[in-house]
2 protein chains.
Amino acid sequence: MKLSQGVEWMLHGVGVIAHAPPGTSVARRVLAEQYDLPEAYLAKHLKALVRAGILTATTGPAGGFRLARDPADITALEIVEAIEGSASPFVCQEIRQRGLVAVPPELCRRPCGISTVMDRAHQAWRESLRDVTVVDLMRLIPKSLRDKLVARLAANAR
Amino acid sequence: MKLSQGVEWMLHGVGVIAHAPPGTSVARRVLAEQYDLPEAYLAKHLKALVRAGILTATTGPAGGFRLARDPADITALEIVEAIEGSASPFVCQEIRQRGLVAVPPELCRRPCGISTVMDRAHQAWRESLRDVTVVDLMRLIPKSLRDKLVARLAANAR
DNA sequence: GTATCCCTACTCGGATAATTCTTGTCCGAGTAGAGGAGG
DNA sequence: CCTCCTCTACTCGGACAAGAATTATCCGAGTAGGGATAC
């Protein structure tokens, strides 16, 4: 089980985008330089956040990405699932219905017990991430660097 | 993020092995037939459980696998981590220390805030799985099939 | 009848390919702003 | 001096390869029980 590194990039990245002065956007180039990330690949993940309705994209000069909603209304869970998909990492193959001592279909109306166990764990994971908002992510940037960051974003927005 | 299907196989499989009559082992061939799984690949996961100290293996005729400990002392978490590894699915690359507005090392004594958020979610996931024991897994097999299963295991143990 | 020895058949374990998913990259479509020309 | 038009440069978006992890497989090493043999 491995989480795409795009998750880390975007959790940091959204925290940066959220610091953009009102009315301005953050170009993916600026964001890539911020953390020294491959810009082309970063684009792939940014696109996913746009599709998920977390960011909005603007083209042309002074274009870029900005938050689509209030920072307090965007959770870390949304960001993670925008990249990784919202499906459970555990996919029940219903192996109980196969083999020599197969469970007859009439006993399989309810989901497999093991699937239930794994899903419960997955929900616990989701709940934990749902409690974190973009506002919290913004606070994770050290106070001493915040001004420097905002100045940089303002400069690149023209 | 995708979980190896070996997790499903082994959660079911350990539940079956736990039903073996005392003093007997379950050969991997029997287990493979139980759910119609590729025997050779199944071996790989079984081996992992042996390394983790969850199962013990016996070679030769009437050999096979059995629980290394009391069913109540083995958790689903152990089984999952024996296969997937105990590392967190989120690996912090410390991108905060790279790029143009890099966080100076003296501010990085404590782990990255985003890493903390992800780890907290991972711990919630682990706690949920830690609450499930092999005894619980055994109960997931429908009562009406349990006798059939035990009879089959006894027959194959010679 | 009993004990011993050998032998066969069955078991697991590690080393080895095929496939799928993640990662990484490129170039094209579209747009908004800047600059110049005309009124 | 103001307005309009054109043009350029910058933006994102989707299609296209490389690498890594998972999936799948084979064959060899070792062992324990069973059978035959000798006593």
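Below, chains carry the letters A, B, ... as their sequence lines are ordered, and counting in each starts from 1.
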Qualifying residues under ring pair (Phe, Tyr, Trp, His ring centres under 6.0 Å), relative to A:H19, sequence neighbours excluded: none
Please state whether the phosphate of D:dT23, meaning OP1 or OP2, lies under 4.0 angstrom from any side-chain nitrogen or oxygen of B:K2. yes
Can you check the B:I83 CD1 to D:dT23 P distance for me, whole Å? 10 Å
Result block: side-chain N/O donor-acceptor pairs under 3.5 angstrom for residues 83-94 of chain B, not counting sequence neighbours:
unit_1, atom_1, unit_2, atom_2, d
B:E84, OE1, A:M1, N, 2.2
B:E84, OE2, B:S4, N, 2.7
B:S88, OG, B:F90, N, 3.2
B:S88, OG, B:F90, O, 3.4
B:S88, OG, B:D119, OD1, 3.4
B:E94, OE1, B:R96, NE, 2.8
B:E94, OE1, B:R96, NH2, 3.4
B:E94, OE1, B:Q97, NE2, 2.9
B:E94, OE2, B:R96, NH2, 3.4

B:R29 side chain near C:dA9 phosphate (N/O to OP1/OP2, under 4.0 Å): no
Sequence neighbours left out, what pairs pass side-chain hydrogen bond (donor to acceptor under 3.5 Å, both in side chains) with at least one residue falling in residues 101-113 of chain A? none
In whole angstroms, how far is the P atom of C:dT23 from the CD atom of A:E84? 8 Å
Protein-nucleic acid N or O pairs under 3.5 Å, nucleotides 3-8 of chain D:
none

Enumerate donor-acceptor pairs with a distance under 3.5 Å from any side-chain N or O in residues 39-65 of chain B to protein atoms, sequence neighbours excluded.
unit_1, atom_1, unit_2, atom_2, d
B:E39, OE2, B:R28, NE, 3.4
B:Y41, OH, B:H45, NE2, 3.4

Distances for protein N/O vs nucleotides 29-37 of chain D N/O pairs under 3.5 angstrom?
unit_1, atom_1, unit_2, atom_2, d
D:dT31, O4', B:T59, OG1, 3.1

My understanding is that only residues two or more places apart in sequence, or in another chain, count here; which of them pass side-chain hydrogen bond (donor to acceptor under 3.5 Å, both in side chains) with A:R152? A:Q34
Partners meeting side-chain hydrogen bond (donor to acceptor under 3.5 Å, both in side chains) with A:Q5 (sequence neighbours left out): none
Rounded to 10°, the helix from C:dG1-D:dC39 to C:dG39-D:dC1 deviates from straight, judged by its five-pair end axes, by 10°
Between B:E127 (side chain) and B:A124 (backbone), is there a donor-acceptor pair under 3.5 Å? no
For B:R146, check side-chain hydrogen bond (donor to acceptor under 3.5 Å, both in side chains) against everything at least two apart and list the hits. none
Would you indicate, yes or no, if D:dG14 has its OP1 or OP2 atom less than 4.0 angstrom from a side-chain nitrogen or oxygen of A:R51? yes
Within this structure, what is the CD-to-C1' distance between A:Q5 and C:dC21, rounded to whole angstrom? 14 Å
What is the distance, rounded to the nearest whole Å, between atom CE of A:M1 and atom C1' of C:dT20? 19 Å
Taking only residues two or more places apart in sequence or in another chain, which ones pass side-chain hydrogen bond (donor to acceptor under 3.5 Å, both in side chains) with A:R120? none
For B:K44 and A:A57, take the nucleotide of DNA chain D holding the closest heavy atom to each; which residue's nucleotide lies nearer the 5' end? A:A57
Taking DNA chain D as the partner, which of residues 33-43 of chain B come within under 4.0 angstrom of it by heavy atom? B:P38, B:A40, B:Y41
